[in-house]
Amino acid sequence: MRDGSRTRARIEAEAIALFAAKGVDATSIRDIAQACGVVEGALYRHFRSKDELVRQVFLDRYAALAREVMATLERGLPFAAMVEWLVRRFATLFEDDRALFTFLFVNQHRHMAEVPAEPDGNPVEAIKRVFAVAIEREEIPPADPDLLAALALGLVVQPATFRLYGRLNTPLTALLPAITRAVLAATSGELARVRVAAPSGLRHKQDAFSS
């Protein structure tokens with residue numbers, strides 16, 4: 001790796017650690033420069049501003065996770081095995097690189113408008129695709145893939161949030177079987193088939209169908 005690439009990689013790594021520990025708003029360019037052992041001008045040779053640094057690091061890491069999900073999906077794993085892989089990947093990311101996990105999932109709302117809609121750049125869309133494929137293969141009953149993705153993410157991200165704030169002491173990697181069973185139950189059982197309320201103009205049709 002060239003010196004310039006090594007410096008940029010160090011800047012990004014130290015920035016992620018600081019953003020996770022202090023928050024994006026409380027972290028300054030000076031903080032990042034000091035953590036890297038470089039002058040502030042060195043950062044500006046790679047990023048025009050802190051906002052650009054935050055945006056670029058987030059989008060790059062977010063897209064990398066999405067590509068990993070899509071690459072695994074393309075292996076054609078059975079649905080249960082794919083869910084197990086997803087839970088393991090997110091739990092391992094949290095336990096092995098908590099700063100990156102925290103940066104991506106605590107700060108994601110800042111950048112959602114800039115995240116591409118395609119699943120190879122958006123891990124939420126990639127996870128939604130996992131469920132869409134399982135429905136196409138008739139591995140799980142028909143349901144709204146967006147709802148299934150929301151259920152699955154909630155069952156993984158909320159325990160991680162409890163870990164962050166000290167409300168859950170057991171490592172997520174030790175909870176893999178329980179979380180995996182919960183995701184499978186939520187996304188292939190009755191809960192996944194709960195209807196979302198239709199717009200008022202269509203509600204009478206839904207009511208007639210369910211009666």
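Treat the numbers as computed from the prediction; the structure is a model and nothing was measured.
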Roughly how far apart are [X] [atom1] and [Y] [atom2], rounded to 0.5 Å?
X	Y	atom1	atom2	answer
Ile127	Leu86	CD1	CG	5.5 Å
Arg75	Met82	CZ	CE	8.0 Å
Glu52	Arg55	CD	CZ	7.5 Å
Gln56	His46	CD	NE2	13.5 Å
Leu155	Phe90	CG	CZ	13.0 Å
Thr180	Trp85	OG1	CH2	12.5 Å

[X] to [Y] - nearest heavy-atom pair and separation:
X	Y	value
Ala143	Ile135	O-CD1, 3.4 Å
Leu43	Ile32	CD2-CG2, 3.5 Å
Ala91	Leu176	CB-CD2, 3.7 Å
Ala126	Pro119	CB-O, 3.5 Å
Arg137	Gly76	NH2-CA, 3.8 Å
Gly154	Pro159	O-CD, 3.7 Å

Verdict with supporting geometry, Thr72 and Arg89, side chain to side chain contact (heavy atoms under 4.5 Å, CB included): CA-CA 11 Å; Thr72 304; Arg89 182 66 187 94; over 6 Å; no

Are more than 12 heavy atoms, taken from residues, nucleotides or ligands other than [X], located less than 6.0 Å from that residue's [atom1] atom?
X	atom1	result
Arg48	CZ	no
Arg88	CZ	no
Glu138	CD	no

Audit row: Phe58, Val115, side chain to side chain contact (heavy atoms under 4.5 Å, CB included) steps and yes/no: CA-CA 9 Å; Phe58 176 85; Val115 173; 3.9 Å; yes

Leu148 with Leu77, same ILVMFWY side-chain cluster at under 4.5 Å: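 Cluster IDs for Leu148 and Leu77 match.
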
Donor-acceptor pair, side chain of Asn122 and main chain of Pro116, under 3.5 angstrom: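 It does hold such a pair.
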
Check: Lys50 side chain, Val24 main-chain N or O, donor-acceptor pair, under 3.5 Å: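 The answer is yes, because a donor-acceptor pair under 3.5 Å joins these two groups.
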
Min side-chain heavy-atom separation Arg45-Thr7 under 4.5 Å: no

Student check: side-chain heavy atoms of Leu172 and Phe162 closer than 4.5 Å: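 Leu172 does not reach Phe162 side chain to side chain.
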
Candidate pair Phe94 and Leu164, rule side chain to side chain contact (heavy atoms under 4.5 Å, CB included), full reasoning: CA-CA 9 Å; Phe94 178 84; Leu164 282 174; 3.8 Å; yes

Evaluation steps, side chain to side chain contact (heavy atoms under 4.5 Å, CB included), between Val183 and Leu151: CA-CA 7 Å; Val183 173; Leu151 291 171; over 6 Å; no

Partner residues of Phe47 under the ring-ring contact (aromatic ring centres under 6.0 Å, His included) criterion, sequence neighbours left out: none

Sequence neighbours excluded, every pair satisfying salt bridge (charged side-chain N to carboxylate O under 4.0 Å, His left out) that has a member inside residues 161-187: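 Listed by first then second residue: Glu95-Arg163.
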
side-chain contact (heavy atoms from CB on, under 4.5 Å) against Ile16, all qualifying residues, sequence neighbours excluded: Val57, Arg61, Ala99, Leu100, Phe103

Presence of salt bridge, Arg129 and Glu125, under 4.0 angstrom: no

